[in-house]
Amino acid sequence: MENSPAKDLHFIEQIIEEDLKSGKHAAIHTRFPPEPNGHLHIGHAKAICLSFGMAEEYNGLANLRFDDTNPEKESQAYVDAIKKDVSWLGFKWNGGEYYTSDYFEQLYSFALKLIDMGAAYVDHQGPEDIASQKGTPTSPGSDSPYRERLAEENRALFEQMRAGDFPDGHCVLRAKIDMGHANMHMRDPIIYRIKRAHHQRTGNRWCIYPMYDFAHGQSDALEEITHSLCTLEFEVHRPLYDWFIEQLGIFSSRQIEFARLNLSYTIMSKRKLLTLVEQGVVDGWDDPRLPTISGLRRRGYTPESIRSFCNRIGIAKRENIIDVSLLEFSLRDHLNQTAHRTMAVLDPVKLVIVNYPEGNSEQLPSENNPEDESAGVRNLPFSRTLWMERDDFKLEANKKWFRLAPGKTVRLKSAYIVRYVDHVMDADGVLQEVHVEYFENSKSGSDVSGIKAKGTLHWVNAATAIDAEVRLYDRLFNDPAPDGHKDREFMDFLNPHSLEVRTGCKLEASLAEASAGVPYQFTRLGYFSLDAGYATEGRQVFNRAVTLRDGWKQG
RNA sequence: UGCCCUAUGGUGUAAAGGUAGCACACCGGUUUUUGGUACCGAUAGUCCAGGUUCGAAUCCUGGUAGGGCAACCA
């Protein structure tokens with residue numbers, strides 16, 4: 001690192017480097033602290049890449065900690081899903097796996113300490129009274145009538161709270177700070193509430209649970225987290241976070257906030273995502289149209305592409321909406337290097353090579369990936385009758401049309417150059433067959449025909465093709481910021497065409513052996529992968545993750 | 001009628017008082033047996049007004065705009 005060329009560091013890296021250089025910390029320790037009450041999305045991926053990424057970059061440790069202080073909303077199923085997603089992204093919690101609930105006893109002692117210091121009190125008022133006394137952002141609050149209760153009495157009451165002597169909601173424990181503070185969070189925040197709910201880890205051992213502000217910072221301290229990275233909305237919590245550290249005299253973690261990720265044409269709020277799932281707008285949390293990690297995985301995104309995306313978007317404190325095209329670029333960039341090319345026809349029309357002998361067939365070699373020689377070569381069966389893409393033929397074509405049309409000549413990828421002969425339409429004018437003649441000496445790899453074909457078409461041999469269903473996805477919303485409108489609901493912007501199911505697609509035979517989740521490029525069409533979830537016996541289903549970039553300007 | 005945060009091309013993000021750079025998107029071109037990839041090029045930016053300075057995206061003052069803050073949620 002010494003004398004390293006001025007690399008562009010984001011503000012968190014700068015803070016870390018300063019802390020390392022000054023000796024404040026010998027090594028850094030970060031954490032990713034999800035509440036197990038929902039599924040992770042691409043926004044969490046940013047946070048994961050940051051917190052785990054910083055630990056990797058500076059040879060530190062990173063913890064995975066489940067912030068499970070509200071048993072009513074949380075479950076083990078979410079814990080499992082989150083662990084799966086983080087692992088899939090390629091991160092290891094080398095600092096360990098923790099649960100805030102493991103600290104309940106310790107947090108209880110912290111509360112007792114606060115009480116003994118005269119810095120916390122039990123309040124018997126209801127939520128309405130407490131709320132009204134809190135004041136507003138522009139007017140100060142007022143003191144609770146229980147605020148000056150003696151420490152001994154508070155201690156006894158708090159012990160009774162724990163012992164279960166009071167019903168739910170009977171009273172709360174509050175930090176005694178300043179009801180006139182400009183920061184609402186400093187106006188005697190509630191730090192413990194009585195709640196008889198079964199906790200997935202502690203069962204019924206506790207009937208009081210600490211609030212976020214009395215759990216998160218303390219957990220950071222107990223794990224000696226040096227840099228506690230979180231999103232901007234916690235900025236106003238930081239004074240409280242620091243206040244508890246000071247009062248309790250615990251390890252001084254530093255909370256640093258960064259702007260959360262927003263992606264164009266989608267939503268990131270757990271609540272709104274849940275609405276889509278519950279109302280059946282999508283198939284579930286892993287619907288390929290959702291920005292959830294599980295959705296992206298099912299869509300065909302790779303962990304590498306998501307991580308490179310997270311590295312490209314930067315870390316800063318200003319609000320942002322990242323263009324979804326950057327995400328798509330990251331996927332194409334990765335898959336172009338790694339995905340095997342295959343041929344598939346989504347909207348098939350018969351292509352008959354009239355001068356190719358009936359009954360004949362041959363095997364034509366085709367490279368699996370022009371970007372990667374080591375990917376090897378496979379043989380494609382070729383014969384007189386093939387499938388071609390319906391929109392690769394047009395009756396009236398101009399000079400800019402490189403595909404098939406009367407008078408046009410094209411190359412069939414890895415095969416021969418063919419020239420239009422005629423076509424067949426049914427009574428409704430729907431194209432049934434295209435007839436072409438091939439040039440025998442134009443065979444791919446040994447072309448001595450001297451004929452130049454502008455366009456290259458993909459095709460599939462009819463006799464050996466396999467049938468499949470292919471699902472094409474478009475953005476879920478029509479608006480770049482569906483939840484950014486004050487006067488409209490995000491559901492108003494749903495894209496009715498976000499899913500297009502194509503049946504009767506023709507795939508090259510090698511795809512019969514495709515495994516779920518392995519991405520393929522369908523030549524000229526995009527990147528696709530087999531979806532085991534949608535498949536049924538004898539029917540393959542492929543999802544399109546993203547199209548290829550289309551540089552063709554029509555018209 | 002408060003407090004906190006933020007303002008750089010279309011979208012993101014750098015530049016720590018000294019040439020406003022990079023990526024995506026868009027547009028044009030070269031190569032191409034994927035209208036893909038690769039490569040080359042173009043367009044395009046410091047919220048406003050003052051001030052300090054030889055010199056300001058950067059420092060100061062005042063505006064303006066956007067975001068956040070009043071759950072026994074996290």
Side-chain angles (χ1 to χ4, degrees), chain A residues 6-10 14 33-35 37-38 67-70 72-74 100 123 126-127 130-141 168-174 181-187 190-195 208-209 211-213 215-216 230 232-239 257 259 264 270 309 312-330 332-333 336-337 341 343 366-367 370-371 400-403 410-415 417 442 444-445 447 453-458 480 521-526 547-554:
Chain A
K7 186 188 159 227
D8 289 340
L9 301 175
H10 58 64
Q14 290 177 20
E35 181 187 14
N37 70 339
D67 217 349
D68 55 351
T69 58
N70 187 4
E72 285 173 345
K73 294 185 174 179
E74 299 153 5
T100 303
D123 196 326
I130 290 179
S132 69
Q133 282 163 14
K134 201 133 201 183
T136 71
T138 54
S139 63
D168 285 13
H170 180 260
C171 54
V172 294
L173 184 68
R174 291 228 257 170
H181 203 285
N183 184 331
M184 299 290 290
H185 295 277
M186 298 295 273
R187 320 238 266 226
I190 293 169
I191 58 178
Y192 263 96
R193 76 282 212 186
I194 303 172
K195 180 180 285 201
I208 58 171
Y209 293 95
M211 300 287 287
Y212 165 83
D213 284 307
H216 201 103
C230 62
L232 246 28
E233 68 266 30
F234 293 101
E235 210 158 21
V236 285
H237 291 251
R238 178 152 35 93
E257 312 85 13
S264 63
K270 265 186 197 173
F309 169 75
R312 289 175 210 269
I313 58 179
I315 301 293
K317 297 191 76 162
R318 63 190 97 103
E319 296 292 332
N320 59 79
I321 301 181
I322 308 285
D323 199 319
V324 69
S325 65
L326 184 61
L327 215 212
E328 295 174 342
F329 167 82
S330 302
R332 290 192 191 105
D333 192 41
N336 178 50
Q337 303 298 324
R341 274 60 170 170
M343 292 214 274
S366 187
E367 53 191 347
E371 306 294 319
K400 292 192 167 175
W401 181 258
F402 295 169
R403 314 175 189 179
V410 299
R411 171 171 294 279
L412 298 179
K413 172 73 181 168
S414 298
I417 292 177
S442 69
S444 184
D447 183 356
K454 276 247 182 176
T456 301
L457 268 39
H458 61 279
Q521 182 186 113
F522 287 1
T523 299
R524 298 213 298 142
L525 298 176
T547 61
L548 255 26
R549 201 168 143 244
D550 186 3
W552 183 43
K553 312 295 175 297
Q554 294 187 23

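In what follows, every chain begins at residue 1, and chains take the letters A, B, ... in the order their sequences are listed. Given the structure is predicted, the values throughout are model-derived calculations rather than measurements. In what follows, every heavy atom counts, from backbone to side chain, and hydrogens, waters and symmetry copies are set aside.
- Between A:K317 atom NZ and B:rG68 atom C1' there is a gap of 11 Å when expressed in whole angstrom units.
- Using a 4.0 Å heavy-atom criterion, one finds that A:Y212 contacts the bases of the nucleic acid, with or without backbone contacts as well.
- In the interface, the side chain of A:E257 is not paired with the base of B:rG68 through any donor and acceptor atom under 3.5 Å apart.
- Using a 4.0 Å heavy-atom cutoff across all strands shown, A:N183 reaches no nucleic acid atom at all.
- Listed candidates were B:rA25, B:rG36, B:rU33. Nearest to the side chain of A:R411 is B:rU33.
- At least one side-chain nitrogen or oxygen of A:K195 sits closer than 4.0 Å to the OP1 or OP2 atom of B:rC73.
- Within 4.0 Å of A:G455, counting heavy atoms only, lies no atom of the nucleic acid at all.
- Residue contacts shown for A:T69 are limited to sugar-phosphate atoms, with no base heavy atom under 4.0 Å away.
- For A:N183 (side chain) and A:V236 (main-chain N/O), a donor-acceptor pair under 3.5 Å exists by modelled atom type.
- One interatomic measurement links the two molecules: CD of A:E233 to C1' of B:rC69, which rounds to 11 Å at whole-angstrom precision.
- Applying the 4.0 Å criterion to OP1 and OP2 of B:rA74, one finds that A:R193 has a side-chain N or O inside that range.
- Taking only side-chain nitrogens and oxygens, A:R524 comes nearer than 4.0 Å to OP1 or OP2 of B:rG35.
- Applying the 3.5 Å distance criterion, the base of B:rG66 shares no donor-acceptor pair with the side chain of A:R318.
- A:G551 comes within 4.0 angstrom of the backbone, heavy atoms only, and of no base.
- At the heavy-atom level, A:S414 lies under 4.0 Å from base atoms of the strands shown.
- Under the Watson-Crick or G-U wobble criterion, with both distances below 3.5 Å, B:rG62 is paired with B:rC48.
- Base-pair partner of B:rG2: B:rC69 (Watson-Crick or G-U wobble, both distances under 3.5 Å).
- Among the atoms of the strands shown, base atoms are found under 4.0 Å from some heavy atom of A:F234.
- Here B:rU58 presents its C1' atom at 15 Å from CG of A:D8, a figure rounded to the nearest Å.
- Across all strands, A:I321 comes closer than 4.0 Å only to sugar-phosphate atoms, never to a base (heavy-atom distances).
- Salt-bridge formation is not detected for the pair A:E35/A:K73: no Lys NZ or Arg NE/NH1/NH2 atom is positioned less than 4.0 Å from an Asp or Glu carboxylate oxygen.
- Among the atoms of the strands shown, only primed sugar atoms or phosphate atoms (P, OP1, OP2) are found under 4.0 Å from some heavy atom of A:R549.
- If you check B:rG9 for Watson-Crick or wobble pairing at under 3.5 angstrom, you find it has no partner at all.
- Protein atom OH of A:Y192 is 21 Å distant from nucleotide atom P of B:rA71, rounded to whole Å.
- Ring pair A:Y212/A:H237: centre-to-centre distance below 6.0 Å.
- Between A:L327 atom CG and B:rA25 atom P there is a gap of 12 Å when expressed in whole angstrom units.
- Base engagement by A:L548 is indicated by at least one non-hydrogen atom pair under 4.0 Å involving a base atom.
- Remark: C1' of B:rC26 and CG of A:D550 are 14 Å apart, rounded to the nearest angstrom.
- Using a 4.0 Å heavy-atom cutoff across all strands shown, A:P370 reaches at least one base atom of the nucleic acid.
- Between A:L326 and A:Q521, the residue anchored closer to the 5' end of RNA chain B is A:L326, taking for each the nucleotide with the nearest heavy atom.
- At the heavy-atom level, A:H10 lies under 4.0 Å from the strands shown only through sugar-phosphate atoms.
- Residue A:Q14 places at least one side-chain N or O under 4.0 Å from the OP1 or OP2 atom of B:rA15.
- Using a 4.0 Å heavy-atom criterion, one finds that A:T456 contacts the sugar-phosphate atoms exclusively.
- Atoms CD1 (A:I191) and C1' (B:rC73) sit 16 Å apart, rounded to a whole Å.
- For A:Q337 and B:rU37, a side-chain-to-base donor-acceptor distance below 3.5 Å is absent, hydrogens and geometry of angles not being considered.
- In terms of phosphate contacts, A:R312 brings no side-chain nitrogen or oxygen within less than 4.0 Å of OP1 or OP2 of B:rA23.
- Contact annotation for A:K454: no contact, since no heavy-atom pair falls under 4.0 Å across all strands.
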